[in-house]
Amino acid sequence: TQITVNPNPITIISNLGSTYCEGDAFIVVTTSPPGGTLSGPGIDNFVFNPSDAGPGIHTITYDVTNVYGCSDNTQTNVTVNASPTVSISLPDNEFCIDDDAENLEGNPSGGIFEGTGVLNNKFIPVNAGPGMHEITYTYIDANGCSGVGTMFVEVSEPLQLEITGQNLICFGENTGQASVTTTGGVPPYSYQWDDPALSTSSTISDLSSGLYNLTVTDAWGCDETSS
């Protein structure tokens with residue numbers, strides 16, 4: 001009697017690393033011999049996606065049955081480290097163009113801030129210029145995994161004041177008038193003149209001869225003074 005003993009397949013998973021970060025790109029897994037089934041957390045067909053697997057230790061299995069009906073499998077453990085939770089903050093997210101620089105705060109500490117108007121871990125409104133700006137904070141932990149925090153800040157357009165006046169009709173009479181047209185900033189505007197009545201409107205009248213100063217303040221507290 002002749003007995004034939006057929007060989008078992010020798011299964012191999014050859015290019016799957018032992019450690020990944022949750023945010024790493026997917027990996028097309030190489031296996032041998034072909035024709036088997038790859039299974040485990042984060043596996044879709046022969047693609048391993050760390051974010052789908054999630055943090056933890058995962059067992060990946062490759063099963064093969066050859067033409068003789070003989071089977072084998074191999075397993076490998078993959079550790080997925082969680083991406084760090086990162087946040088970024090400023091005391092405010094609305095700035096006047098001439099506001100002082102503000103310290104940026106990132107958590108956990110030790111990361112890198114980037115964005116228009118960012119210098120030495122500070123946000124400088126005049127460097128950023130008017131408009132909406134994105135600031136990012138990137139932190140890399142002890143496992144080499146990175147997390148990114150993002151916030152948006154807005155810098156207002158500078159206030160522009162154009163003051164026009166009406167001269168006195170006759171010397172010694174209080175018939176002068178002054179009016180301001182305001183652009184930029186964030187309406188509505190408030191007005192403060194230094195005339196005797198301390199007027200708070202855009203137009204003042206019944207003025208005597210002299211120099212009058214006006215401060216305009218917008219809805220964000222940005223101000224500009226002109227005469």
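All heavy atoms count here, side chains included; hydrogens, waters and symmetry mates do not. We count residues from 1, following the sequence as given. The shown structure was predicted, so the numbers you read here are calculated from the model rather than taken from an experiment.
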Practice task
Give the ring-plane orientation class for Phe46 versus Tyr62, where under 30° counts as parallel, over 60° as perpendicular and anything between as tilted.
Solution key: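 Perpendicular: the ring planes of Phe46 and Tyr62 meet at over 60°.
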Looking only at atom types and distance, does a side-chain atom of [X] sit under 3.5 Å from a main-chain N or O of [Y], one as donor and one as acceptor?
{"X": "Ser201", "Y": "Thr203", "answer": "yes"}
{"X": "Glu22", "Y": "Ser83", "answer": "yes"}
{"X": "Ser14", "Y": "Thr30", "answer": "yes"}
{"X": "Asn73", "Y": "Asp63", "answer": "no"}
{"X": "Tyr137", "Y": "Gly111", "answer": "yes"}
{"X": "Trp193", "Y": "Thr215", "answer": "no"}

Exercise for the section: Evaluate the side chain to side chain contact (heavy atoms under 4.5 Å, CB included) criterion for residues Thr31 and Thr11: first the C-alpha distance (whole Å), next the side-chain angles of each, then the deciding distance (0.1 Å), finally the verdict. Expected result: CA-CA 7 Å; Thr31 57; Thr11 53; over 6 Å; no
Handout entry: Least distance between heavy atoms, Asp194 atom then Asn213 atom
Key =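 Here Asp194 and Asn213 meet closest at OD1-N, 2.7 Å.
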Practice task
Considering non-hydrogen atoms only, spot the tightest contact between Ala82 and Pro55 and give its length.
Solution key: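 The answer is CB-CG, 3.7 Å.
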With rounding to the nearest 0.5 angstrom, report the [atom1] to [atom2] distance, [X] to [Y].
{"X": "Asp223", "Y": "Asp218", "atom1": "CG", "atom2": "CG", "value": "8.5 Å"}
{"X": "Asn107", "Y": "Ser87", "atom1": "CG", "atom2": "OG", "value": "4.5 Å"}
{"X": "Ile13", "Y": "Thr61", "atom1": "CD1", "atom2": "OG1", "value": "7.0 Å"}
{"X": "Leu159", "Y": "Asp98", "atom1": "CG", "atom2": "CG", "value": "9.0 Å"}
{"X": "Cys145", "Y": "Ile140", "atom1": "SG", "atom2": "CD1", "value": "9.5 Å"}

Practice task
Evaluate the side chain to side chain contact (heavy atoms under 4.5 Å, CB included) criterion for residues Val78 and Ile57: first the C-alpha distance (whole Å), next the side-chain angles of each, then the deciding distance (0.1 Å), finally the verdict.
Solution key: CA-CA 6 Å; Val78 178; Ile57 300 174; over 6 Å; no
Exercise for the section: Apply the test ring pair (Phe, Tyr, Trp, His ring centres under 6.0 Å) to residues Phe123 and Phe95: give CA-CA distance (whole Å), side-chain angles for both, the deciding distance (0.1 Å), then the verdict. Expected result: CA-CA 10 Å; Phe123 175 68; Phe95 294 91; 5.2 Å; yes
Exercise for the section: Before giving the answer on side chain to side chain contact (heavy atoms under 4.5 Å, CB included), spell out for Thr79 and Tyr20 the whole-Å C-alpha distance, their side-chain angles and the decisive distance to 0.1 Å. Expected result: CA-CA 6 Å; Thr79 298; Tyr20 293 93; over 6 Å; no
Exercise for the section: Report yes or no: do Glu162 and Thr181 form a side-chain donor-acceptor pair below 3.5 Å? Expected result: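 No, no side-chain donor-acceptor pair sits under 3.5 Å.
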Problem - Ser179 and Thr164 side chains, donor-acceptor separation under 3.5 Å - result: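 No pair is found: no donor N or O on one side chain lies under 3.5 Å from an acceptor on the other.
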